[in-house]
Every structure is written in C-alpha cells, then in structure tokens.
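Here is the structure we will look at, set down as structure tokens.
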Amino acid sequence: MTIQNRQQFLAVIAIAAIALFAADRLVLSPLAASWDQRTSRLRDLKESVSQGTQLLQRQQTIRTRWERMQTQALPSQTSLAEDLLLKAFDRWAKESGASIGSIRPQRKTGDPAFILLECRADASGNLGNLARFLYELENDPLALKIDLLEMTANDNSGQQLTLTLQVSGLILIPQENP
C-alpha cells in the first residue's frame, strides 16, 4: 500500500468511526432510552391494571366492610355521639370493675366529611381490672381507636394502677348526593 492509499484508508476509517459514534449518540442511545421508558411505563400500567382487577374482585367485600364501618361509627349528632361514648365508658367500667376518675370529650373538626371525637379518660384499679377494661374497649362494636395509653402505679407495690388513655371516634357527616 502506498502512502496516499494509506492516508485515504485511515481517513475512511476515521470518518466511519465518527459516523458510528454520531449514530450511537444521535440514534441508538435515544432509541434505547425510549425503549426503556416504554418498558417501564408498560410495567407500571400492567401493575395498575392488576391492582384494579384485584379491587374489582374484592369490591363486594370492601363495600360490605365500608357499610359496617359506617354503621359502627358514632352518630352524626355530636351530642348523641358524646352520650353514646360516655355510656360506653360506664359500661366498660362496670364490666371490668375499674373506676373512672374523669372523662373529657373534645370535638375536632377540619374535614367537612367527618368530625373526630377525642375523649381523654382516667381509670384506676388493679392490673386485672384495667386489662379487662381495655379488653372491653377493644371488643366494643363502636368504631374507636386508642391514640394514647399510659399506665402508672399509685403505690410502691404496684397493686393500684391508674390508666390514662385517649380514644378517638369517628363521626361521619352525611353527604348530600347531587
């Protein structure tokens, strides 16, 4: 090979290398990135369809559970809800043998669809009484949640205990259907 042929050959190889590099950067890399994005989007869509299908299959169970939650929620009139909650505390205390020291209900609003009725209470008794009190509270059909629970001893031997707890109940406000 002569020098001129060698120079032409090297120039062709250099141009081919630059063309391949440009093709990679301008065509192949964007196509690969687009393909990866499309694959990711398809995976997300398949997952979304799968979740939707599962929700449709569980629709009746979910609706039944929601209806039960609505029936177990506190009444929409706050005075009735407070009365029901206070009677429940008395019932739990009688069934457990614990004595109630104080009950302080408080309404919290924020969302127009519901009101949160928080009730802070102090109960005293021995460990068995307070355990039974908590058992009765947890097994009551009212839709209540224990937000705070604190137990302290009143004597050195730990026989007399005080239970401070805060429970919250949901008051659903009926929505008007258009």
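Note that the coordinates shown come from a computational prediction; the quantities given were computed from them, not determined experimentally. Each residue takes its place number in the sequence, starting with 1.
Note: the hydrophobic cluster containing Leu117 also contains Leu149 (ILVMFWY, side chain heavy atoms under 4.5 Å, direct or indirect links). Hydrophobic clustering, with ILVMFWY side chains joined whenever heavy atoms are under 4.5 angstrom apart, groups Ile146 together with Phe133. In the hydrophobic clustering of this structure, Leu161 does not group with Leu148; members are Ile, Leu, Val, Met, Phe, Trp, Tyr whose side-chain heavy atoms approach within less than 4.5 Å, directly or through other members. By the rule that hydrophobic residues join a cluster once side-chain heavy atoms approach within less than 4.5 Å of another member, Leu134 and Leu127 end up as members of one cluster.
Side chain of Thr53 to backbone of Val49: a donor-acceptor contact under 3.5 angstrom is found. The backbone N or O of Asp24 lies less than 3.5 Å from a partner atom in the side chain of Ser29, making a donor-acceptor pair. In terms of modelled atom types and a separation under 3.5 Å, the side chain of Ser50 and the main chain of Lys46 share no donor-acceptor contact. Distance alone, capped at 3.5 Å, places no donor-acceptor pair between the Ser34 side chain and the Pro30 backbone.
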**Study point:** Audit row: Ile100, Asp122, side chain to side chain contact (heavy atoms under 4.5 Å, CB included) steps and yes/no
**Key:** CA-CA 6 Å; Ile100 301 292; Asp122 296 323; over 6 Å; no
Practice item. With side chain to side chain donor-acceptor pair (under 3.5 Å) as the test, would you mind laying out the steps for Ser124 and Thr162 before giving the verdict? Key: CA-CA 4 Å; Ser124 58; Thr162 299; 5.5 Å; no
Exercise for review: Let me see the working for Asp36 and Ser40 under side chain to side chain contact (heavy atoms under 4.5 Å, CB included), right down to the final yes or no.
Suggested key: CA-CA 6 Å; Asp36 289 342; Ser40 175; over 6 Å; no
Check your understanding: Would Leu165 and Glu150 count as a side chain to side chain contact (heavy atoms under 4.5 Å, CB included) if you check the C-alpha gap in whole Å, the side-chain angles of each, and the deciding distance to 0.1 Å?
Key -> CA-CA 6 Å; Leu165 66 119; Glu150 186 178 297; over 6 Å; no
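With a 4.5 Å cut-off on side-chain heavy atoms, Val167 and Leu137 count as touching. Residues Leu45 and Arg41 form a side-chain contact, since some pair of their non-hydrogen atoms from C-beta on lies under 4.5 Å apart.
With Leu74 as the partner, the side-chain contact (heavy atoms from CB on, under 4.5 Å) test is satisfied by one option alone out of Asp83, Leu80, Leu142, Leu170: Leu142.
To the nearest 0.5 angstrom, Ser168 atom OG is 13.5 Å from Ile115 atom CD1. Within the model, atoms CZ of Arg107 and OG1 of Thr78 stand 4.0 Å from one another, a figure rounded to the nearest 0.5 Å. Within the model, atoms CD1 of Ile103 and CG of Leu85 stand 7.5 Å from one another, a figure rounded to the nearest 0.5 Å. One finds the NZ atom of Lys108 at 4.0 Å from the CD atom of Glu118 (value rounded to the nearest 0.5 Å). Atom CZ in Arg104 sits 9.5 Å away from atom CD in Gln166 (nearest 0.5 Å). Separation of atoms CG (Asn139) and CD (Glu95) is listed at 10.5 Å; rounding is to 0.5 Å.
Gly169 approaches Leu144 most closely through the heavy-atom pair CA-CD2, 3.6 Å. Annotation for Gly125 and Leu130: closest pair O-CD1, 4.0 Å, computed over non-hydrogen atoms. When all heavy atoms of Pro75 and Leu84 are compared, the closest pair comes out as CD-CD2, 3.7 Å. Annotation for Gln160 and Asp155: closest pair N-OD1, 3.4 Å, computed over non-hydrogen atoms. Of all heavy-atom pairs spanning Asn129 and Ser96, the tightest one is ND2-O, 2.9 Å. Heavy atoms only, all atoms of each residue included: Ile171 and Ser76 are closest at CG2-CA, 3.6 Å.
A salt bridge links Lys145 with Asp147: the distance from a Lys NZ or Arg NE/NH1/NH2 to an Asp or Glu carboxylate oxygen falls below 4.0 Å. One finds no salt bridge joining Asp90 and Lys94 here, because no Lys/Arg side-chain nitrogen approaches an Asp/Glu carboxylate oxygen to under 4.0 Å. Salt-bridge formation is detected for the pair Arg132/Glu136: a Lys NZ or Arg NE/NH1/NH2 atom is positioned less than 4.0 Å from an Asp or Glu carboxylate oxygen.
The number of heavy-atom neighbours closer than 6.0 Å to CZ of Arg91, taken from other residues, nucleotides and ligands shown, is above 12.
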